[in-house]
Amino acid sequence: MKKLTLKNVLRSVNSFLLFFLTVGFIVSCCMMLFVSILADTMELTLTTENIATAAKVTFWNVVLITFLFKLADYIRRKIMVERPTKTITEATEKIMSGDFSVRINPMQSSGMEGFNQIAMAINKMAEELSSVETLRADFIANVSHEMKTPLAVMQNYGTLLQAPDLSEEKRMEYAKGVTDGSRRMADMMTNILKLNRLENQQIYPEISEFDLGEQLCECLLQYENVWEKANIEIETHIEDDIKVKADAELLSHVWNNLFSNAFKFTPSGGRVTVSLTATKNYAFVEVADTGCGMTSDVGAHIFEKFYQGDTSHSVQGNGLGLALVKRVIDIMQGEISVESAVGEGSAFTVKIGRC
């Protein structure tokens, strides 16, 4: 409710006087025109006394009409303007204070269409802010959790390294543990920064034309030691001369992540298959493995940040690789999908436009 101040009183008086003068002018002009025509038509003689009486009656009629109109306008403003404005203001104040659960109910009165549009926009904004806040809280919790493990490992190995009679073999083992933990944290920080830059469009694609088959082979050969050490069979079906226009560096992150995951989850003696096919307008890359696979519930979340289907964390990772892959594919206006079955393996398919 508005506080009664001298300024508000003066504003109300000025508004009333302006409205009074407007109504008085219009009514006086109409009355003068009416009386003038009536006198000419009926040949009446207007005396000073008659004019004075009519002026007094007209004046008080104008005052009454002005008061009634101002009262009606006041009630209208209270119901049609101030009440919805107060509701919207209170909702926005709660949102500004951090309460994103606020929702404004639709106003049923006629003439509220404009306010309802504003209310719908505020409700949508509150939903988006609530989602962002949830993601922020989850992000902090996940980063804290992911950092906790390598930090604990590094702390334990660091403590063990302080033993005075430590053998050279143990010293090297503990030092390697510290190095592995720090490398894992560095990789996670690098991926977080990369993903943040991609999501905030701070990385702009440098489009160039290149042979997609050659790029896939180059990325795959980087893992030669990995598949040989794990005794994993490699199968390739790559068509020749398939060129695409895209950012080669960003796409290399996609293939490296997909290959890394395929080798990571494929047991010794398993098989990883890489295929490249194309239609007139699109190129299709499939990376399939015969690893552990995953359920449909896990498959529905694998592109989310920090999500890891392996809740035991028996396989090293931080849940950012596939989130990076999805963001890069979105920037390239492509598509990525996955088919998987527990115990049978997974197959990721990437679709991108051709030249």
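Note: hydrogens, waters and symmetry copies are ignored here, and every other heavy atom, side chains too, is used.
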If you group Ile, Leu, Val, Met, Phe, Trp and Tyr by side-chain heavy-atom gaps below 4.5 Å, do Tyr282 and Leu250 land in one group? no
Drop me the distance from Met332's CE to Lys245's NZ, to the nearest 0.5 angstrom. 14.0 Å
Is a side-chain donor or acceptor of Ser340 paired with a backbone partner of Gly293 at a separation under 3.5 angstrom? no
Distance (rounded to the nearest 0.5 Å) between Arg354 CZ and Lys243 NZ: 10.0 Å
Looking at Cys219 and Phe259, what are the two nearest heavy atoms and their distance? CB-CE1, 3.8 Å
Look up atom CG in Asn123 and atom CD1 in Ile118, then write down how far apart they are to the nearest 0.5 Å. 12.0 Å
Sidechain-backbone polar pair: Thr266 side chain, Phe263 backbone, donor-acceptor under 3.5 Å: no
Between Thr349 and Val338, is any pair of side-chain heavy atoms under 4.5 Å apart? no
May I have the step-by-step check of side chain to side chain contact (heavy atoms under 4.5 Å, CB included) for Ile242 and Asp211, ending in yes or no? CA-CA 6 Å; Ile242 296 180; Asp211 191 302; 5.6 Å; no
To the nearest 0.5 Å, atom CD of Gln215 lies from atom OG of Ser252 at 6.0 Å
Spell out, yes or no, whether Ile238 and Ile234 are grouped together once hydrophobic residues are joined by side-chain heavy atoms under 4.5 Å, including indirect joins. yes
Of all residues at least two apart in sequence or in a different chain, which pass the ring pair (Phe, Tyr, Trp, His ring centres under 6.0 Å) check with Phe348? none
Heavy-atom closest contact (Ile336 atom, Lys326 atom, distance): CG2-CD, 3.7 Å
Would you compute the distance between atom CD of Glu93 and atom CD1 of Ile88 and round it to the nearest 0.5 angstrom? 12.5 Å
Side chain of Ser268, backbone of Ala230: donor and acceptor closer than 3.5 Å? yes
Any side-chain heavy atom of Val244 within less than 4.5 Å of one from Glu209? no
Which heavy atom of Thr290 sits nearest a heavy atom of Arg271, and at what distance? OG1-N, 2.8 Å
Check whether Thr273 reaches the backbone of Ala288 with its side chain - one donor and one acceptor, N or O, closer than 3.5 Å. no
Counting neighbours of CD on Glu228 that are heavy atoms of other residues, nucleotides or ligands and sit closer than 6.0 Å, is the number greater than 12? yes
Please round to the nearest 0.5 Å and tell me the distance separating atom CD1 of Ile122 and atom CD1 of Ile104. 4.0 Å
Sidechain N-carboxylate O distance under 4.0 Å for Lys176, Glu173: no
Between Leu160 and Leu166, is the side chain to side chain contact (heavy atoms under 4.5 Å, CB included) condition met? List the steps. CA-CA 8 Å; Leu160 292 171; Leu166 194 65; 5.8 Å; no
When you compare the side chains of Asp99 and Ser101, does any donor N or O come within less than 3.5 Å of an acceptor on the partner? yes
Test log, rule side chain to side chain contact (heavy atoms under 4.5 Å, CB included), inputs Val285 and Trp255: CA-CA 9 Å; Val285 177; Trp255 315 135; 3.7 Å; yes
Has Glu339 got more than 12 heavy atoms of other residues, nucleotides or ligands less than 6.0 Å from its CD? no
How about Ile302 and Met294: do any of their side-chain heavy atoms sit closer than 4.5 Å? yes
Check the pair Tyr223 / Asn256 against side chain to side chain contact (heavy atoms under 4.5 Å, CB included), numbers first and verdict last. CA-CA 9 Å; Tyr223 295 89; Asn256 286 332; 3.6 Å; yes
Between Lys351 and Phe284, is NZ or CZ placed under 6.0 angstrom from the six-membered ring centre and within 45° of the ring axis? no
Can you name the closest pair of heavy atoms from Ala283 and Leu276 and give their distance? CB-CD1, 4.4 Å
Student check: side-chain heavy atoms of Phe210 and Leu251 closer than 4.5 Å: yes
With a cut-off of 6.0 Å (strictly less than), are more than 12 heavy atoms of other residues, nucleotides or ligands near CE of Met125? yes
For the side chain of Tyr174 and the backbone of Glu169, is there at least one donor-acceptor N/O pair under 3.5 Å apart? no
Side-chain heavy atoms of Asn261 within contact of Leu322, under 4.5 Å: yes
What closest approach, in Å, do Ala278 and Glu239 show between heavy atoms, and which atom pair accounts for it? N-OE1, 3.9 Å
How close do Ile329 and Glu335 get, counting heavy atoms only, and between which atoms? CG2-N, 3.4 Å
So, the side chain of Asp289 versus the backbone of Ser346: is there a donor-acceptor pair under 3.5 Å, distance only? yes
Return yes if some donor-acceptor pair links the side-chain N/O of Ser260 with the main-chain N/O of Asn257 below 3.5 Å, else return no. no
